[in-house]
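Notes follow the structure.
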Amino acid sequence: MNPGMKDVVKAEEGEVYDVELEADILESNRRIAEENRSLLRTYNVTAVDVMGPTGTGKTTLIEGMIRLLKGRFRIAVLKGDLTTTIDAETIIRHGVEAVPINTGKECHLDANLVRKALQKLRLEDLDLIFIENVGNLICPAEFPLGSEKRVVVVSVTEGPYTIVKHPFIFMEADVIVINKIDLAEAMGVDVDKLRADAEKINPRAKVVPTNCRSGEGVEEVVKALGLM
Amino acid sequence: MHEYSMTTMIVEAVLEEARRHGAEKVLEVELAIGEFTFLNPEQVEFWYKVLSERESLLKGSKLKIEMRKGSVRCLNCGYEGNITLLDDPAYHMIVPTLLCPECGGTVKIVSGRECTIKRIKLLGR
């Protein structure tokens, strides 16, 4: 027992009293995120958080970046999904390590899950970690993970209003990727308008149109992240 | 979106505090939710009602929610205040931006991300 700690003062029977708590429930996640960040720094590992809706091309983008960077960096991927390890299996075909994180019912990764996943890797043997968040354009913005950079991926198939409808996640982004530009015409979606929306909401972020399946634009994403 | 899990954490934190004080009952919980969180107060209230009914310490307690405005600071000119809202006629909707209203630089969110249990009212045993 710390001698500085006095006994808890207890109320008399039937007495009503207030307890000032000032406890921020979201603060614990931010604290663990900071711990992750300093752990990664200790090992000189750069972590990139990739966020965006389901089916937008997050995994395909990560695969494209791995192809470009495999010779330069030792890479691992943390792959968040509610269930299944389908995407993690896709990733390991590129000869890099993958840690699947199943969140169960939770709509986002949190810093504690990432901390647990990092314990499964030998950080001294790595330079770069991609963290693929659960497919969702809302919740991941609330939960920093401790990554150095955050990428938000959207695609033209989500329609013309994705960015203005979800402004807050784009405010968290360092790089905003507009994917599937090869389908823009078929979808009747104007890529330049999406780009203008992104730049208006977050003038600091770099916006990159891509076709991740063909690889178009992926090198520009990598450069925008400062990895090339 | 994640109101259920957030409210579970709120309930746990309140229970822990009430037990630490050896309280008979929790009468009231005051919560402050920041503008830049993704928490819908009505859904938090709904889950609080459901979850508090399961705990004898919390049963019948009231939840008061205060929505707190967030603030931003310009990295260029030092402007501090509300976030800028752009009324976009193309969409007929209001879109927030990190553009500084004073100098056109980029602002950073400095507050409004909290979900804070401010105080709880307890009945002594």
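These values consider heavy atoms only, across backbone and side chains, with no hydrogens, waters or symmetry-generated copies. Note on naming: letters A, B, ... go to the chains in the order of the sequence lines (proteins, then strands), and numbering restarts at 1 for each one. What you are looking at is a predicted structure, and each value in this text was computed from that prediction instead of being measured.
- The side-chain heavy atoms of K200(A) and V95(B), taken from C-beta on, include no pair separated by under 4.5 Å.
- The environment of CG in N44(A) is sparse: at most 12 heavy-atom neighbours from other residues, nucleotides or ligands sit within 6.0 Å.
- The part of E172(A) that comes within reach of chain B is its side chain, from C-beta onward, which places non-hydrogen atoms under 4.5 angstrom from that chain.
- Across all their heavy atoms, I138(A) and F38(B) have their closest contact at CG2-CD2, 3.3 Å.
- Atom CD of E185(A) sits in a sparse spot, with 12 or fewer heavy atoms from other residues, nucleotides or ligands closer than 6.0 Å.
- The shortest side-chain heavy-atom distance between M6(B) and L26(A) falls under the 4.5 Å cut-off.
- A 4.5 Å side-chain heavy-atom check between M171(A) and I83(B) finds at least one atom pair inside the cut-off.
- Within 6.0 Å of CD in E42(B) there are 12 or fewer heavy atoms belonging to other residues, nucleotides or ligands.
- Of residues 69-80 of chain B, no residue lies under 4.5 Å from chain A by any heavy-atom pair.
- Ranking M9(B), E24(B), E17(B), R113(B) against chain A, the residue ahead of the rest is R113(B), based on heavy-atom pairs under 4.5 Å.
- Interface remark: L27(B) contributes side-chain atoms only to the contact with chain A (heavy atom separation under 4.5 Å).
- Counting heavy atoms of neighbouring residues, nucleotides and ligands inside a 6.0 Å radius, atom NZ of K149(A) exceeds 12 of them.
- Between L21(A) and R119(B) there is no side-chain heavy-atom pair separated by less than 4.5 Å.
- Counting heavy atoms of neighbouring residues, nucleotides and ligands inside a 6.0 Å radius, atom NZ of K62(B) does not exceed 12 of them.
- Interatomic distance, NE2 of H108(A) versus OG of S5(B), reported as 5.5 Å (0.5 Å rounding).
- Neither the backbone nor the side chain of F170(A) comes within contact range of chain B; no heavy atoms are under 4.5 Å apart.
- Taking CD of E114(B) as the start and CD of E22(A) as the end, the distance is 9.5 Å to the nearest 0.5 Å.
- In this structure, H2(B) NE2 and F143(A) CZ are separated by 4.0 Å, a value rounded to the nearest 0.5 Å.
- With respect to chain A, the highest number of heavy-atom pairs below 4.5 Å among I94(B), L99(B), V14(B), L31(B) belongs to L99(B).
- Contacts between L85(B) and chain A at a heavy-atom distance below 4.5 Å are absent for every atom of the residue.
- Rounding to the nearest 0.5 Å gives a distance of 7.0 Å between OG1 of T106(B) and CG of N202(A).
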